[in-house]
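Everything below concerns the one structure shown next.
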Amino acid sequence: MADKKVTGFVKLQIPAGAANPAPPVGPALGAQGVNIMQFCQAFNAQTQDQAGTIIPVEITVYEDKSFTFVCKTPPAAVLIKEKLGIKSGAAIPQIQVAGTLTEDQLREIAEIKMPDLNANDIEAAMEIVAGTARSMGVRIEGREMKKKYVPSRKVAAMLQGKDVD
């Protein structure tokens with residue numbers, strides 16, 4: 001069989017086991033001419049064991065309108081929120097604290113994310129995940145921020161409850 005010519009790529013983040021033709025799946029795949037129901041059934045079958053978790057998927061579309069897809073690991077932010085049982089990160093991450101991860105929890109998340117990260121070892125992967133956690137206002141036990149955060153005048157006014165224009 002000769003190699004098929006690639007006509008496009010589509011990247012989506014879909015809840016596992018819950019792909020349906022509604023946006024964003026339908027319009028994104030319809031524009032490429034892909035059979036939407038065929039993708040939804042294949043994706044749902046492949047991800048049913050992870051139901052509810054957001055799964056990034058990369059879809060390769062070929063000129064005969066066939067496709068292949070690769071499921072990635074869930075985003076680090078989703079894994080951190082699941083691990084801590086929180087709905088979202090802090091509104092002002094450098095000041096407010098949304099939760100605290102232990103070093104062991106950080107390692108678990110890094111091990112899950114390792115296949116999709118550009119890291120040579122687990123320590124480097126942990127640093128990447130720690131950066132995501134810090135940007136969400138999540139502290140990591142035993143790791144302190146290197147720089148002291150100084151809020152802007154606007155943020156300082158918000159913290160004091162003053163009206164900001």
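These numbers were taken from a predicted model, which means no experiment stands behind them. Only this structure's heavy atoms are used, side chains among them; waters, hydrogens and symmetry mates stay out.
- By the side chain to side chain contact (heavy atoms under 4.5 Å, CB included) test, E63 pairs with K5, T7, sequence neighbours left out.
- Contacts of E82 classified as salt bridge (charged side-chain N to carboxylate O under 4.0 Å, His left out), with partners at least two apart in sequence or in another chain: none.
- When each of I109, I54, I55 is tested with V78 by the rule side chain to side chain contact (heavy atoms under 4.5 Å, CB included), just one qualifies, namely I54.
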- How far apart are the C-alpha atoms of R139 and R134, what are their side-chain angles, what is the distance that settles it, and do they pass the side-chain contact (heavy atoms from CB on, under 4.5 Å) test? CA-CA 6 Å; R139 298 278 182 257; R134 277 193 299 275; 5.6 Å; no

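- Scanning both residues, A125 and L117, for their nearest heavy atoms gives CB-CD1, 3.7 Å.
- Using a 4.5 Å heavy-atom threshold, the side chains of I14 and F43 count as touching.
- With sequence neighbours excluded, the residues forming a salt bridge (charged side-chain N to carboxylate O under 4.0 Å, His left out) with K11 are E58, listed by chain and number.
- Hydrophobic cluster membership of V70, counting Ile, Leu, Val, Met, Phe, Trp and Tyr whose side-chain heavy atoms lie under 4.5 Å apart directly or via other members: none, as it forms a cluster of its own.
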- Run the side-chain contact (heavy atoms from CB on, under 4.5 Å) check on E141 and T100 step by step: do they pass? CA-CA 7 Å; E141 286 180 6; T100 305; 3.6 Å; yes

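- Nearest heavy atom pair, residue P75 against residue Q13, reads CG-NE2, 4.0 Å.
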- Please assess T60 against F69 for the test side-chain contact (heavy atoms from CB on, under 4.5 Å), listing each intermediate value before the final yes or no. CA-CA 6 Å; T60 305; F69 67 94; over 6 Å; no

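- Every residue meeting the salt bridge (charged side-chain N to carboxylate O under 4.0 Å, His left out) condition with K83, not counting sequence neighbours, appears here in chain and number order: E108.
- For D121, the side chain to side chain contact (heavy atoms under 4.5 Å, CB included) criterion is met by E123, A124, not counting sequence neighbours.
- Among residues at least two apart or in separate chains, there is no salt bridge (charged side-chain N to carboxylate O under 4.0 Å, His left out) pair with a member in residues 28-55.
- I122 and E111 make their closest contact through CD1-CG, 3.4 Å (heavy atoms, listed as atom of the first residue, atom of the second, distance).
- Applying the side chain to side chain donor-acceptor pair (under 3.5 Å) rule to pairs touching residues 67-78 yields Y62-T68, T73-K113, T73-D116, sequence neighbours excluded.
- Once rounded to the nearest 0.5 Å, the distance linking CD of Q105 with CD of E103 reads 10.5 Å.
- A pairwise comparison of heavy atoms in T53 and P74 identifies CG2-CG, 3.5 Å as the closest pair.
- A pairwise comparison of heavy atoms in V57 and C71 identifies CG2-SG, 4.3 Å as the closest pair.
- When only modelled atom types and interatomic distance are considered, D64 and S66 share a side-chain donor-acceptor pair under 3.5 Å.
- Shortest non-hydrogen contact noted between V129 and A110 is CG2-CA, 4.0 Å.
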Which atom pairs, one a donor and one an acceptor, fall under 3.5 Å between side chains of residues 25-41 and the rest of the protein, sequence neighbours left out?
unit_1	atom_1	unit_2	atom_2	d
N35	OD1	M37	N	3.2
N35	OD1	Q38	N	3.0

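- Interatomic distance, I128 CD1 to M114 CE, rounded to the nearest 0.5 Å: 8.0 Å.
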